[in-house]
Colleague: 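Below is a structure I'd like to ask you about.
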Amino acid sequence: LQYGFYMDALDCFSRLRVLLPGDTHASHSLASVYTSLGRLDEAENLFNMIINRSPYDPDAYYNRSALRTQTSEKNHIKEIEDLLQNKTLQSSSEHTLCYALAKELEDLKLWKKSFHYLKKGADAHRRLVNYDKIYDLEVFDKIKKIFTNKWLEKKRHNLGYDKDYPIFVLGMPRSGTTLLDRILSSHSKVFSVGESSEFAMSIIRLCGAQDGRGNISYDLASNVDLYSLGADYCRAQKEKCSNSFRFLDKTPNNFYVCG
């Protein structure tokens with residue numbers, strides 16, 4: 001499913017649901033396949049089934065809301081509002097439900113109320129995110145100190161893997177990277193691998209470059225052989241690409257490593 005083999009995914013997840021009829025993950029995955037294939041009524045029916053079986057499943061509400069433009073005659077606004085009032089609702093579910101509700105209210109052009117729930121969802125999400133700004137600033141500073149022009153001059157005899165398979169798309173969230181990915185990968189010789197950790201994993205495989213948090217250790221990464229890095233990364237990605245000549249990687253965190 002991640003690499004666009006939708007009919008194969010449809011076959012796999014359809015059979016999995018027969019084997020595990022009560023498995024929520026299998027149902028979500030099959031609904032995602034239906035969505036990708038444009039079979040939206042089947043996807044909505046499946047999300048309804050998931051909600052009936054697991055009424056506190058926030059992803060089912062969100063994905064169902066996103067399937068179509070809601071109308072005043074057919075929407076799930078009251079259902080989601082009532083669920084948000086439920087005292088037994090887990091705090092980890094609140095932001096997803098708020099986003100679903102904001103989307104449906106926006107469809108009905110109830111802008112002020114939609115923004116209220118969008119803001120409420122964002123605030124709830126922020127409370128769950130353990131983001132360390134100081135750590136990121138330290139990483140940026142370390143990258144600048146290690147990967148200098150002097151470092152590059154030492155690597156001049158081995159500037160990397162001389163193949164033009166990869167296309168990297170980098171950008172901030174909501175800046176159009178997904179749209180660009182879809183435009184470029186619509187070409188018959190370009191295959192999108194979406195968001196993948198292969199670049200970082202290639203660095204870790206080649207020089208054991210992991211710190212105590214499981215992230216890349218840039219001190220160790222500075223010793224990587226660039227030709228081997230390019231070859232390992234391209235091999236891992238090309239295995240997913242069928243017969244496409246190029247592959248496109250839009251992983252957001254690639255800006256740490258591919259500059």
Colleague: Working to the nearest 0.5 Å, report the span between CD1 of I204 and CD of E198.
Modeller: 11.0 Å
Colleague: Provide the full list of side chain to side chain donor-acceptor pair (under 3.5 Å) pairs with a residue in residues 160-172, sequence neighbours left out, each pair given once.
Modeller: D164-R246
Colleague: Salt bridge or not between E104 and R64? Use side-chain N to carboxylate O under 4.0 Å.
Modeller: no
Colleague: I'd like to know if the side chain of T71 reaches the main chain of K74, judged simply by a donor and an acceptor atom lying under 3.5 Å from each other, with no hydrogens or angles considered.
Modeller: yes
Colleague: Could you list the residues that satisfy ring pair (Phe, Tyr, Trp, His ring centres under 6.0 Å) with Y233, not counting sequence neighbours?
Modeller: F168, F199, F247
Colleague: Where do S114 and A102 come nearest, in terms of heavy atoms and distance?
Modeller: OG-O, 2.7 Å
Colleague: Kindly write out the residues that satisfy side-chain hydrogen bond (donor to acceptor under 3.5 Å, both in side chains) with K189, not counting sequence neighbours, or none if the list is empty.
Modeller: none
Colleague: Quick one: pull up CD1 in I167 and NE2 in H187 and give me the separation to the nearest 0.5 Å.
Modeller: 9.5 Å
Colleague: Before accepting this row, confirm whether a basic side-chain N of the pair R127/D123 lies closer than 4.0 Å to the acidic partner's carboxylate O.
Modeller: no
Colleague: Judged by atom type as modelled, is there a donor-acceptor pair below 3.5 Å linking the side chain of N63 to the main-chain atoms of D59?
Modeller: yes
Colleague: Write out all pairs satisfying side chain to side chain donor-acceptor pair (under 3.5 Å) with one or both partners inside residues 32-41, taking only residues at least two apart or from two chains.
Modeller: R39-E42
Colleague: Where do T251 and L170 come nearest, in terms of heavy atoms and distance?
Modeller: O-CD2, 4.2 Å
Colleague: Within the 3.5 Å criterion, strictly below it, is a donor on Y99 or S65 matched to an acceptor on the partner's side chain?
Modeller: no
Colleague: Quick one: closest heavy-atom pair of A200 and I216, and the distance?
Modeller: CB-CD1, 3.7 Å
Colleague: May I ask you to say whether E138 pairs ionically with K142, meaning some side-chain N is under 4.0 Å from a carboxylate O?
Modeller: no
Colleague: Kindly give the heavy-atom pair with the smallest separation between I146 and S222, and that separation in Å.
Modeller: CG2-CB, 3.5 Å
Colleague: For residues 102-125, which residue pairs qualify under ring-ring contact (aromatic ring centres under 6.0 Å, His included), counting only residues two or more places apart or in two chains?
Modeller: H95-H125
Colleague: Enter the distance from N254:CG to S196:OG here, rounded to the nearest 0.5 Å.
Modeller: 8.0 Å
Colleague: Show me the donor-acceptor pairs, under 3.5 Å and distance only, between side chains in residues 7-14 and residues at least two apart or in other chains.
Modeller:
{"residue": "D11", "atom": "OD2", "partner": "R15", "partner atom": "NE", "Å": "3.4"}
{"residue": "D11", "atom": "OD2", "partner": "R15", "partner atom": "NH2", "Å": "2.9"}
{"residue": "S14", "atom": "OG", "partner": "L10", "partner atom": "O", "Å": "2.6"}

Colleague: With no hydrogens and no angle check, do the side chains of S54 and D57 hold a donor and an acceptor under 3.5 Å apart?
Modeller: no
Colleague: Do you know which two heavy atoms are closest between V193 and Q237, and how far apart they sit?
Modeller: CG2-NE2, 3.6 Å
Colleague: How long is the gap from CG on L248 to OG on S185, to the nearest 0.5 Å?
Modeller: 6.5 Å
Colleague: Strictly distance-based, threshold 3.5 Å: is any side-chain N or O of Q90 a donor or acceptor partner for the main-chain N or O of T88?
Modeller: no
Colleague: Please find the pair of heavy atoms, one from A60 and one from H28, that lie closest to each other, and give the distance.
Modeller: N-CE1, 3.5 Å
Colleague: Checking D107 against N75: is there a side-chain donor and acceptor pair closer than 3.5 Å?
Modeller: no
Colleague: Would you say the ring centroid of F140 lies under 6.0 angstrom from that of Y256?
Modeller: yes
